[in-house]
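The chains referred to below are lettered A, B, ... by the order of the sequence lines, with proteins before strands, and numbering in each begins at 1. Every value quoted in this text rests on a predicted model; they were computed, and no experiment measured them.
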2 protein chains.
Amino acid sequence: MKIENPNISTEVKIKEAARRIFLEKGFAGCSSRDIAAEAGVNVALVNYYFRSKERLFDLIFKDEFDNFFSTMVETFSSDQLNLKEKLKIFISHEIDFLCKHPDLPQFLLTELKRCDDNSTEHSDKFSKISSTGVFAEFQQAQADGKIREIDLLSLSLLVMSNCHYPFLGRGMIMSIHQINEDQFLAHMEKHKEYVSEMLINYLFINNENK
Amino acid sequence: MKIENPNISTEVKIKEAARRIFLEKGFAGCSSRDIAAEAGVNVALVNYYFRSKERLFDLIFKDEFDNFFSTMVETFSSDQLNLKEKLKIFISHEIDFLCKHPDLPQFLLTELKRCDDNSTEHSDKFSKISSTGVFAEFQQAQADGKIREIDLLSLSLLVMSNCHYPFLGRGMIMSIHQINEDQFLAHMEKHKEYVSEMLINYLFINNENK
DNA sequence: AATTGTTTTAAACAAGCGTTTAAATTACTT
DNA sequence: AAGTAATTTAAACGCTTGTTTAAAACAATT
C-alpha cells in the first residue's frame with residue numbers, strides 16, 4: 001500500500017536543515033549528526049530519507065547550482081532588451097539575488113573545487129549561458145564597433161568579478177571596514193550603481209549615459 | 001644536551017606538506033594522516049613537531065595571511081608614487097602574486113569564515129592597510145576633485161573584486177570557457193591591463209591616459 | 001663501547017564519523 | 001478493533017579521526 005501522505009514535513013525539514021548547514025559549513029565541515037540536530041530529528045532519518053550524506057548533498061548542490069545559473073541566464077534570455085540594458089539589469093538582478101543568498105557563491109566555488117568533475121558533469125549547465133546567445137550578441141556588438149575590443153573570457157571575468165566578489169570577500173571586507181552584515185547588505189544598493197556605471201562606461205563605446 | 005642540528009628537514013617537510021594540503025583541501029577537508037603521507041613521514045611526527053593539527057594549521061594560516069597582506073600593503077607604503085601609479089602597480093603586483101599563489105584567496109576566505117573570530121584577532125593586520133595612509137590619500141584626492149566621489153568601502157570592493165575574483169572563480173571560469181590552468185594564468189597578463197584601464201578610467205577624473 | 005638525549009616507529013587510545021539494524025511507535029485501511 | 005505499512009527510535013556497526021604511548025632506532029658525547 002502506497003500512502004501518498006502530505007506529511008512529508010520530516011523529509012523537507014531534513015533537506016532544508018541540510019541546505020542551511022551545507023551552505024554555512026560546507027560538505028567537509030559538518031556531520032550527519034549536525035544536520036539531524038539542525039532539523040531536530042534522529043540521525044538515522046537522514047539516511048532513511050536520503051540514503052547517504054553524499055546523496056543529500058548532491059541533491060542540494062544541484063538545487064543551488066541550477067538556481068544560481070537560472071538567475072544568471074534569466075536576463076540574458078530576453079529578446080526585448082539591448083545589450084546595455086541587459087548588462088544593467090543583469091548586474092542589478094545578480095546582486096539582488098546574492099543579497100538574499102550571500103553564502104551561495106562561496107559554497108558553489110568551494111564544492112566545485114572539491115568535486116573537481118568539471119569536464120562533462122556541469123558543462124551542460126555552463127553552456128546554458130552561451131546558448132542564450134549573449135556571447136554571440138557581444139561579438140556582434142564588437143564587430144559593429146558598439147563595444148570595446150575585449151575577449152569573452154576577460155569580459156566574463158569583469159562582470160562576474162564585480163557581481164560575485166563582494167559576497168565572497170564580505171567577511172574580510174566587514175572586518176576591515178568594521179561593519180556588520182546588515183550594513184554590508186544595505187551598502188550593496190549603492191555598490192550596484194558603481195559597478196553598473198563602471199562596466200558600461202568601460203565596455204560601451206558610444207556613451208550616452210542613462 | 002641541546003643539539004642545534006641543521007637537520008630540521010623533517011619539521012620543514014611536514015610544514016610544507018601541510019601548507020600544500022591545507023591550501024588545496026582546507027582544514028576540514030584533510031586529515032593528519034593526509035599531511036603525514038604527503039610529507040612521507042609517520043603520523044605521530046605531525047604531533048611530535050607541532051603538538052596538534054590545529055596548531056600546525058594556525059602556524060600556516062598566519063604565514064599565508066601575513067604574506068597576503070604584506071603583498072597588498074607593500075605598494076601602498078611607497079612615498080615615491082602618486083595615487084594613480086600606486087593603483088596601477090598594486091593591480092599588477094597583486095595579480096602577479098596571485099598567479100604564483102592561485103589557491104590563496106579561496107583558502108583565506110574559507111578559513112576566515114570557519115574561524116569567525118573576526119573582531120580583534122586579525123583586525124590589527126587589517127589596520128595595516130589603513131596605516132599606510134592610502135585611505136587618507138584617496139580622501140584627499142577626492143577633496144581635490146582628482147578622483148570620483150565614492151566611499152572607501154565601494155572603492156576597496158571595486159579594486160579587490162577585480163584583482164582577487166579571477167583566482168576565486170577560476171574553476172568555474174575554466175569550465176565555462178573550456179581552458180586549462182596554464183591558459184588561464186597566461187590570460188591574466190591581458191586581464192591585468194583591462195582591470196587597470198577600467199579602474200583608472202572610472203576612478204580618476206582627469207583622464208590623460210598612459 | 002656505554003651512555004646520553006633526540007628522533008622515529010608501530011600500535012593503540014577514545015571520540016566521532018557515516019551508516020545499519022531491529023525494535024518501538026505511529027498512521028492508515030479494512 | 002485488528003492488521004498492515006510507514007515512520008521514528010535507541011543502539012550498535014565498522015571505520016576514520018586526532019592524539020598518545022612506549023619501545024625502537026639513531027646520533028652524539030664521554
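- Straight-line distance from the CD atom of B:E11 to the P atom of C:dT8: 10 Å, rounded to whole Å.
- Going from atom CD1 of A:I14 over to atom P of C:dG18 covers 14 Å, rounded to whole Å.
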Heavy-atom contacts, protein to nucleotides 9-20 of chain D, under 4.0 Å, summarised as B (base), S (sugar-phosphate only) or - (none) per nt, yield BB-B----BBBB

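- If you check the side chains of B:E94 and B:H164, you find a donor sitting under 3.5 Å from an acceptor.
- In this structure, a donor-acceptor pair under 3.5 Å is present between the side chains of B:N162 and A:N162.
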Determine, step by step, whether A:H93 and A:F97 satisfy the ring pair (Phe, Tyr, Trp, His ring centres under 6.0 Å) criterion, reporting the C-alpha distance in whole Å, the side-chain angles of both residues, the deciding distance to 0.1 Å, and the verdict.
-> CA-CA 6 Å; A:H93 282 191; A:F97 173 76; over 10 Å; no

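- Atom CZ in B:F50 sits roughly 14 Å away from atom C1' in C:dT7 (whole-Å rounding).
- Rounding to the nearest 0.5 Å gives a distance of 9.5 Å between CD of A:E11 and OH of A:Y48.
- Put simply, B:T10 has a side-chain N or O that comes within less than 4.0 Å of OP1 or OP2 on C:dT8.
- Between A:F22 and A:F57, the gap from one ring centroid to the other is short of 6.0 Å.
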List the atom pairs, with distances to 0.1 Å, where a side-chain N or O of residues 73-80 of chain A and a protein N or O form a donor-acceptor pair under 3.5 Å, not counting sequence neighbours.
residue : atom : partner : partner atom : Å
A:S77   : OG   : A:V73   : O            : 3.0
A:S78   : OG   : A:Q80   : N            : 3.1

